2 protein chains.
Amino acid sequence: MARGRPRKTDPEAALQDIVRVFWEKGFEGASLSDLTAASGMAKPGLYAAFGDKQAMYAKALTHYFNGISGSPLADLVNSSDPLRDVLRRYFVSIVETARDPTTPSGCFVVNSLIESGSMPAALVALSREFDRRRRDAFRTRLRAAQQAGELAPGTDADALADFFSSQVLALAVMVRADTEFDAVMRTIDVALSALPGRPAPDRPD
Amino acid sequence: MARGRPRKTDPEAALQDIVRVFWEKGFEGASLSDLTAASGMAKPGLYAAFGDKQAMYAKALTHYFNGISGSPLADLVNSSDPLRDVLRRYFVSIVETARDPTTPSGCFVVNSLIESGSMPAALVALSREFDRRRRDAFRTRLRAAQQAGELAPGTDADALADFFSSQVLALAVMVRADTEFDAVMRTIDVALSALPGRPAPDRPD
DNA sequence: ATCAAATAGTACCGACCGGTAATAATTCGG
DNA sequence: CCGAATTATTACCGGTCGGTACTATTTGAT
């Protein structure tokens, strides 16, 4: 079918590696040498496949959000499990991802938000867009919970959504900073105590 | 007294400017050109006064922690005001600092923690040390509160301390990401609801 | 007036940055 | 088997990075 020389590396697979490099080192911290080494593609190949460094970062961040970060988020919105369970599952997934030595720790989007002081404006805007989407997902889920009577009457669902959404930021920084596992789990449990119902479930981990 | 040519710029004042550059742009993102432009000192002057870039960053971060970040932290530990008030004051001070257009937004230590993927190991260790000290300050204050009977009996003071300490991380990221003011304040109020006593004080701001 | 001391300022270093042109290699259609 | 097409690879570009040697300037002591 294709006439030319066959590709040495699948660009899809390379993108996975690129995500990890940017995730670990940030936009400025990741050099094209890092990217070529990790992806197996030479510089011109990267350029042809993804565009310049800024475009690579944008594609990497989008790929991260839609994949790694997106599926727990989709579970948060779509699962019909009790609110506390689904929230806890989401928070624990952050910690679990961090404990996996094959992936960088923290949240790529959060790292990106922090680095905004030395990033192209378009990438700052993109990072904030993904942050906003996550926040909206929490709002959606909390409003549904209120409709379903899962919250104490008179609760401000949006305020609670903003609060839980912000816990993601706290957890992302904690795992990035290698905070002791127990301290992170305690934080999750205290945060969940803002919910009605049984206080703290015994940790399944 | 001093024999040579008089200094054009006071190194103490220059350090203030250096703090802001690193705070805003990070370790990699801040170039020596940025530092010379902001401080008014030429490169050799900076080098003579502070050492290499890594030493500059270390001194800047330390200066930040002992000064800008240190005084609210000291207030947290030393103030004899009710726990809720002193915590709220600390959290609001983060938001207020962020609204001040003359200072960068977010927390320098938190930014530093996040950037750890592309930073010299010694600076990573220093950042974590300051993070740990903040966490210890919260532990100290919460234990004192428990001694004083400010917490509900049976409360785990350390868990609560870890939780409130982590709220600082969340707030730092939120203000860095330009999250709407109201959402940040709501988050603070919900977090404080983990405390016994009156629910949410009307906002003095 | 002279010299030592301390600082400012200029110019420069090698290394690496992001980005690209030019070339070599490998495939398929004819 | 030849040539068009597609990719890999090499070499290179100007610019900027962090860091430093060198020179010029301004002071106080003598």
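Naming: A, B, ... by sequence-line order, numbering from 1 per chain. As the structure is a computational prediction, the values presented were derived from the model and not from experiment.
Remark: A:Lys53 is in phosphate contact with C:dG18, judged by side-chain N or O atoms under 4.0 Å from OP1 or OP2. Dashed line: the shortest gap from a side-chain N or O of B:Arg7 to OP1 or OP2 of C:dT7 is under 4.0 Å.
Rounded to whole Å, atom P of C:dT7 lies 11 Å from atom CZ of B:Arg5. Taking atom NZ of residue A:Lys8 and atom C1' of nucleotide D:dT9, one finds them 9 Å apart after rounding to whole Å.
By the 30° and 60° cut-offs, the orientation of the rings of B:Phe130 relative to B:Phe65 is parallel.
Atoms OG and CZ, from A:Ser79 and A:Arg89 in turn, are 4.5 Å apart once rounded to the nearest 0.5 Å.
Looking at B:Lys59 and B:Val19, their side chains never come closer than 4.5 Å, going by heavy atoms from C-beta outward.
Using a 4.0 Å cut-off on heavy atoms, the residues of residues 10-47 of chain A that approach DNA chain C are A:Ala30, A:Ser31, A:Leu32, A:Ser33, A:Lys43, A:Pro44, A:Tyr47, listed by number.
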Open item on the list: side chain to side chain donor-acceptor pair (under 3.5 Å) for A:Ser165 and A:Asp162? Distances and angles first, verdict last.
Closed with: CA-CA 5 Å; A:Ser165 178; A:Asp162 287 349; over 6 Å; no
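Ring pair A:Phe138/A:Phe164: centre-to-centre distance not below 6.0 Å. Taking the six-membered ring where the residue is Trp, the centroids of B:Tyr57 and B:Phe108 are separated by under 6.0 Å.
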